[in-house]
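Structure, as structure tokens:
Within every chain, numbering begins at 1; the chains are lettered A, B, ... in the order of the sequence lines, protein sequences first and strands thereafter.
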Number of protein chains: 2
Amino acid sequence: MNELTWLDMPCADLSETARAAAEAHQHALTKPRGSLGRLERVAIQLAALQGTSRPTADQVHIAVFAGDHGVAARGVSAYPQSVTAEMVRNFAGGGAAISVLARELGAALEVINLGTVTELATLPGVLSLHLGAGTADFTAAPAMDEAQFAHALAAGRDSALRAVRAGAQIYIGGEMGIGNTTAAAALACALLALPPQRLTGPGTGMDAPGIARKSAIIAQALAYHAPQLQSPGESLRRLGGFEIAALTGAFIACAQQGLPIVVDGFITTAALLAAERLRPGVRDWCLFGHRSEEPGHALLLEALGATPLLDLDMRLGEGSGAAAAVPLLRLACALHNGMATFTGAGISDQGAA
Amino acid sequence: MNELTWLDMPCADLSETARAAAEAHQHALTKPRGSLGRLERVAIQLAALQGTSRPTADQVHIAVFAGDHGVAARGVSAYPQSVTAEMVRNFAGGGAAISVLARELGAALEVINLGTVTELATLPGVLSLHLGAGTADFTAAPAMDEAQFAHALAAGRDSALRAVRAGAQIYIGGEMGIGNTTAAAALACALLALPPQRLTGPGTGMDAPGIARKSAIIAQALAYHAPQLQSPGESLRRLGGFEIAALTGAFIACAQQGLPIVVDGFITTAALLAAERLRPGVRDWCLFGHRSEEPGHALLLEALGATPLLDLDMRLGEGSGAAAAVPLLRLACALHNGMATFTGAGISDQGAA
């Protein structure tokens, strides 16, 4: 397990000096104190993360990790496994939701295919890592062997390092993988010590009998792996997926490098919870983009003490809910950096507390 | 009251053909049906409003209406009345929150000063109408006489007509007026037949004794005008303000002209409720930008059957909460117009219902 020693590197420190300076600046702006609500708090938080009293969110790096799941053979998804690879092609072709969002935001988009059932030819903007033709069915074996697990974590770390090198100010991790709400729910059950009924939802659109079947399959997996689930790393290796482990690795590396993260939905937040358990402090580097319609997301957010910016009944993944929150960060920074002060504008501030 | 006959013109019709075409198109896009949540529904709604299956939200017209309130003399605000005119200067100077937001959004911004206590010199981008040095104190007289009321409504209508002529695709009305949460709460009490305690909040930052005083002053006004408050027009004239009546006029004209509105916070929504009572159907032309932290906003939204896009604890006014929602409309349109279809991308759609 020597390939995993990088996980032990500490997270970067936040700048309390920049936070205090940003807070003082907010109080000087021409508005009643606190009246911009979360837009004020986001600007102050970004200041602490970026180590500057004048934060910005212009350079956004979006990485979408894809991988297939052995457990999909158990009928846990409304879609066939071939869709994972088809969607990788769609990401590269610019037709997927995250492709459109990245274009609109002027964000960098990279796709990392960690291993799909369908082999794909080389595609522009897609890095193919071939860790396997999907993970193993985790109801009867660990989803990943140790080498696959280490590679998946490192693939995430490498994505974060590329973002840092490219000058990113915000990192978004997204995912695609038929069956991955099942894997994320199983992982969340292990990390939160909750029964599957609490964390199993419709995913891409299962009906109530489908959800009950999914929940029973997760219960079977939890029973099979029970002796090893005290360890967050083993929980992730045994119940996660290539793309989920990669997200965990990416988030840990972002926190180590001091790159702020905007967190997406259910699967991504499960990966983040694993990251926080493996390397406490990662969560401090996160802003939360949206509350997913997938019901288990609420429990993950609660465990992380997180209140997302948006609540739009989205449940797509791909990083789409995080991307949708980027304009709010940009407006928050623009207001913070661009508004006049009471003194500068010659306005009475008798209302200030 | 002949100046008010324009209020009786019917609202424009929504296009059910465009709505159906947009809905069918959403179902063909490469994502599980419904997985973009409100971003899908917003695109479909805009399609019905704009009469096209491919809506856009690029051209945004923001009008901020300013006016002073006689009731401010009763100590209902944390700020002195001079701040209304100071903020008009700040809007024109580009330092206010809405100035920054308009710049960031590439939106047109116009400021209409209907009457402030402090006289202002001519300012670029500010239309000054001089309806009076603020309204009368409505605890002892109607806020506006009939001529002022007609002029305020017409000022809003004229703003909407300018927006239509300029090719706007979205109209946002904002407001500035020290004391105007008191006027909006009084108006809302009259329109909803609710007691002042239900609709009185801190505004720019009153403490609990201040809120109790504000509520008592509203109760006094409601008692004084009681015989006339069955009429929504008289409620607006007697309890509203120049900028509130202008917003009402603007919203009615937008609906008559078929220009979609994004609604801001508490004061704006009170003006909209008056508009809907004066000309039923106006509400159908509205999207709701945000839920204000001002507690009475929830009751107004409920009365209008509205669920805003954002809930960010904002309480500034100026149109800021509506402006903050514009990027979501743009992303919704970009996704709607720019995503690939299942057929086009060669992706299995076995998950569709």
- Query: Which bit of B:A97 comes within less than 4.5 Å of chain A, counting heavy atoms only: side chain, backbone, both or neither?
  - Reply: both
- Counting only heavy atoms closer than 4.5 Å, note whether B:L328 contacts chain A via side chain, backbone, both or neither. side chain
- About how many Å separate CZ of A:R41 and CG of B:L312, when rounded to the nearest 0.5 Å? 9.0 Å
- Note on the structure: Output for pair (B:L36 CG, A:E318 CD), nearest 0.5 Å, gives 8.0 Å
- Message: Measuring only between side-chain heavy atoms, which start at C-beta, is A:P32 closer than 4.5 Å to B:R315?
- Response: yes
- Item | Interatomic spacing from CG in B:L39 to CG in A:L101 - rounded to 0.5 Å | 8.0 Å
- Reported OG-to-CG distance for the pair A:S99 and B:L335, which is rounded to 0.5 angstrom: 10.0 Å
- Interatomic spacing from CZ in A:R38 to CG in B:D311 - rounded to 0.5 Å: 9.0 Å
- Note on the structure: Separation between CG (B:N90) and NZ (A:K31), nearest 0.5 Å, reads 12.0 Å
- Item | Proximity breakdown for B:I347 and chain A, heavy-atom pairs closer than 4.5 Å | both
- Query: In terms of heavy-atom proximity below 4.5 Å to chain B, should A:L310 be classed as side chain, backbone, both, or neither?
  - Reply: side chain
- Query: Side chain, backbone, both or neither: which part of B:S82 has an atom under 4.5 Å from a heavy atom of chain A?
  - Reply: side chain
- Query: So what's closer than 4.5 Å to chain A heavy atoms on B:L29: side chain, backbone, both or neither?
  - Reply: neither
- Message: Between A:A334 and chain B, with a heavy-atom cut-off of 4.5 Å, which part of the residue counts as in contact: side chain, backbone, both or neither?
- Response: both
